[in-house]
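Input: a single structure, listed below in structure tokens.
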Amino acid sequence: MNRAILVLGACLFAAAPSFAALRCGTRLVSEGDTRSEVAVKCGEPTEIVTEKSVFRRPVIWTNGRPYFIGEDSVEVQVEAWIYNLGPNKLMRRLRFEGGVLTDIETLGYGYNK
């Protein structure tokens, strides 16, 4: 019985949706935040990379969730901000589409500046 409960718990944990977030001091940055909100919470990034723009359906972010509106695609500017948090912490890459944070990726360990 205990083994079945343990297996069920493990399956539920594996099926839970992931929540990508970045802690900057005592503040939390998550998908749906704007560039200005991230800059206020985390400061200026180590590097900003302007990537090729993409075509997407217009989206409105509400409570951290995207809601697509319309059927036509629009050109959206894409930027990646890289935060080097030092040699003892992992670096992070934040992807912005149209000025809104859409992805937080963990990279390798940082380096001394």
Side-chain angles (χ1 to χ4, degrees):
M1 179 72 163
N2 287 339
R3 189 173 186 186
I5 292 172
L6 183 62
V7 170
L8 179 63
C11 290
L12 289 174
F13 179 73
S18 64
F19 178 73
L22 169 65
R23 182 169 300 283
C24 295
T26 60
R27 298 176 175 172
L28 192 64
V29 172
S30 59
E31 294 174 358
D33 288 351
T34 63
R35 281 186 299 209
S36 59
E37 290 173 329
V38 173
V40 166
K41 292 177 183 177
C42 297
E44 292 299 315
T46 306
E47 182 179 355
I48 297 176
V49 178
T50 302
E51 298 179 357
K52 195 175 198 178
S53 55
V54 295
F55 288 89
R56 298 255 192 263
R57 288 180 22 207
V59 65
I60 295 175
W61 285 81
T62 304
N63 297 326
R65 298 184 70 186
Y67 293 96
F68 295 98
I69 55 174
E71 296 297 323
D72 296 331
S73 296
V74 294
E75 187 174 9
V76 177
Q77 193 70 15
V78 178
E79 265 183 3
W81 287 12
I82 299 172
Y83 282 93
N84 173 19
L85 304 174
N88 298 323
K89 295 185 179 181
L90 297 171
M91 295 190 304
R92 300 296 177 102
R93 179 184 299 134
L94 282 60
R95 179 184 169 100
F96 293 90
E97 292 183 9
V100 177
L101 181 59
T102 58
D103 187 42
I104 300 173
E105 181 182 358
T106 302
L107 305 174
Y109 281 98
Y111 52 88
N112 288 325
K113 297 178 186 178

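In this chain, residues are counted from 1 in sequence order.
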Treat each ILVMFWY residue as a node, draw an edge where side-chain heavy atoms are under 4.5 Å apart, and state whether F68 and V76 are in one component. no
Any sub-3.5 Å donor-acceptor pair from N84's side-chain atoms to Y111's backbone N or O? yes
For R92 and A21, the nearest pair of non-hydrogen atoms, with its separation, is NH1-O, 3.5 Å
How close do F55 and S73 get, counting heavy atoms only, and between which atoms? CB-CB, 4.2 Å
Would V29 and I82 show up in the same hydrophobic cluster when neighbours are defined by side-chain heavy atoms closer than 4.5 Å? no
For the side-chain contact (heavy atoms from CB on, under 4.5 Å) test, which of V49, I48, L94 pairs with E79? I48
Where is the tightest heavy-atom contact between V54 and V78, given as atom of each residue plus distance? CG2-CG2, 3.8 Å
For the OG1 atom of T50 and the CZ atom of F96, what is their distance to the nearest 0.5 Å? 12.0 Å
Can you find a heavy atom in the side chain of M91 that is under 4.5 Å from one in the side chain of T46? no
What distance do R56 atom CZ and E75 atom CD have between them, rounded to the nearest 0.5 Å? 12.0 Å
Any sub-3.5 Å donor-acceptor pair from R27's side-chain atoms to V40's backbone N or O? yes
Note: I104 and S30 closest approach over all heavy atoms is CD1-CA, 4.3 Å
When you measure from the side chain of T34 to the backbone N and O of G99, does any donor-acceptor pair fall under 3.5 Å? no
Could you check whether any side-chain N or O of Y83 sits under 3.5 Å from a backbone N or O of G43, counting only pairs where one atom can act as donor and the other as acceptor? yes
In terms of hydrophobic clusters joined by side-chain contacts under 4.5 Å, are L22 and W81 together? yes
